[in-house]
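Here, residue 1 is the first one in the sequence, and each next residue gets the next number. Just so we're clear, the structure is a prediction, and the values are computed from it rather than from any experiment. Computation of the quantities below employed the complete heavy-atom set of this structure, encompassing side-chain atoms and omitting hydrogens, waters and symmetry-equivalent molecules.
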Amino acid sequence: MPLTPDERAALVARYRGGYAAFAEALAGCDDLDAAVEGWTPRQVAHHLGDSEMTSAIRLRRLLAEDEPVIAAYDENAFARLLHYDSRPVEASLRAAEAARATNAELLDRLTEDEWARRGSHTDSGAYGVEDWLRTYAEHPYDHAEQVRRARR
């Protein structure tokens with residue numbers, strides 16, 4: 001179901017605050033390697049960086065290509081194979097912040113026709129710009145809560 005302009009504006013505002021919410025949850029974390037729910041805060045930070053970079057490409061493909069196929073990826077394989085357990089988190093955090101900032105700039109400029117653009121996702125089927133926004137508006141908040149649980 002299409003979003004109303006007010007619903008869209010609320011989700012864009014939520015999207016804008018996502019990185020700050022995650023960074024706040026991680027700030028001052030003394031033990032980046034305390035596991036909760038199978039992931040450590042370090043691994044979650046790297047996941048967020050990779051996910052945000054992936055989301056930036058997904059949004060651009062939805063906007064610039066006709067009916068793109070958006071490929072799913074195996075986040076557990078990324079965690080295993082991209083050294084999530086040992087790398088410093090700062091570069092991943094900067095990548096997440098930058099991806100969010102550039103995406104927010106795009107979202108501010110979308111026309112109604114651009115909001116209506118669609119493609120398909122290999123896991124979930126029909127997938128459009130508004131579906132993208134619904135997913136990524138919430139994503140860092142979910143992981144911020146995961147980090148807070150690990151810190152308790």
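- For the side-chain contact (heavy atoms from CB on, under 4.5 Å) test, residues two or more places apart in sequence or in another chain that qualify with Glu97 are Tyr19.
- With rounding to the nearest 0.5 angstrom, the OG atom of Ser51 is 14.0 Å from the NE2 atom of His46.
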Less than 3.5 Å apart, which donor and acceptor atoms pair up between the side chains of residues 68-76 and the rest of the protein, not counting sequence neighbours?
unit_1: Asp74; atom_1: OD1; unit_2: Asn76; atom_2: N; d: 3.0
unit_1: Asp74; atom_1: OD1; unit_2: Ala77; atom_2: N; d: 3.0

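- To the nearest 0.5 Å, the span separating CD on Glu67 from OG on Ser120 amounts to 8.0 Å.
- Within the structure, every pair that satisfies the salt bridge (charged side-chain N to carboxylate O under 4.0 Å, His left out) test and touches residues 10-22, not counting sequence neighbours, is listed here: Arg14-Glu138, Arg16-Asp108.
- Taking all atoms of both residues into account, the shortest heavy-atom contact from Arg60 to Asn103 is NH1-OD1, 2.6 Å.
- Note: the hydrophobic cluster containing Leu93 also contains Leu32 (ILVMFWY, side chain heavy atoms under 4.5 Å, direct or indirect links).
- Clustering ILVMFWY residues whenever any of their side-chain heavy atoms sit less than 4.5 angstrom apart, transitively, puts Leu48 in a cluster other than the one holding Tyr15.
- Applying the salt bridge (Lys or Arg N to Asp or Glu O under 4.0 Å) criterion to Arg117, with sequence neighbours excluded, gives Asp66.
- The salt bridge (Lys or Arg N to Asp or Glu O under 4.0 Å) search around Arg148 returns Glu145, not counting sequence neighbours.
- Among residues two or more places apart in sequence or in another chain, the salt bridge (Lys or Arg N to Asp or Glu O under 4.0 Å) test is passed with Glu105 by none.
- The side-chain contact (heavy atoms from CB on, under 4.5 Å) test applied to Ala150 returns Val36, Pro41, not counting sequence neighbours.
- The side-chain hydrogen bond (donor to acceptor under 3.5 Å, both in side chains) analysis of residues 23-36, with sequence neighbours excluded, yields the pairs Asp33-Arg42.
- Nearest heavy atoms, Pro140 versus Ala137: CD-O, 4.2 Å.
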Next on the checklist: Please determine whether side chain to side chain contact (heavy atoms under 4.5 Å, CB included) holds for the pair Leu110 and Leu63, giving the CA-CA distance in whole Å, both sets of side-chain angles, and the decisive distance to 0.1 Å.
Outcome noted: CA-CA 9 Å; Leu110 295 186; Leu63 294 171; 3.7 Å; yes
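- Hydrophobic clustering (ILVMFWY, side-chain heavy atoms < 4.5 Å, transitive): Leu133 and Phe22 are in distinct clusters.
- Linking ILVMFWY side-chain heavy atoms closer than 4.5 Å, directly or via other members, places Val12 and Leu62 in a single hydrophobic cluster.
- Listed by first and then second residue, the ring pair (Phe, Tyr, Trp, His ring centres under 6.0 Å) pairs involving residues 86-126 are His121-Tyr127 (not counting sequence neighbours).
- Here the closest heavy-atom approach between residue Arg134 and residue Leu11 is recorded as CG-CD1, 4.0 Å.
- Applying the ring pair (Phe, Tyr, Trp, His ring centres under 6.0 Å) rule to Tyr136 yields the partners Trp132; only residues at least two apart in sequence or on another chain are considered.
- Across all non-hydrogen atoms, the minimal contact from Ala99 to Glu52 is CB-O, 3.4 Å.
- To the nearest 0.5 angstrom, Met1 atom CE is 11.0 Å from Glu130 atom CD.
- Across all non-hydrogen atoms, the minimal contact from Glu7 to Pro2 is OE1-O, 4.2 Å.
- Counting all heavy atoms, side chain and backbone alike, Ala21 lies closest to Tyr141 at CB-CE2, 3.5 Å.
- Shown here are the ring pair (Phe, Tyr, Trp, His ring centres under 6.0 Å) partners of His143, two or more places apart in sequence or in another chain: His47, His139.
- Contacts of Arg118 classified as salt bridge (Lys or Arg N to Asp or Glu O under 4.0 Å), with partners at least two apart in sequence or in another chain: Asp131.
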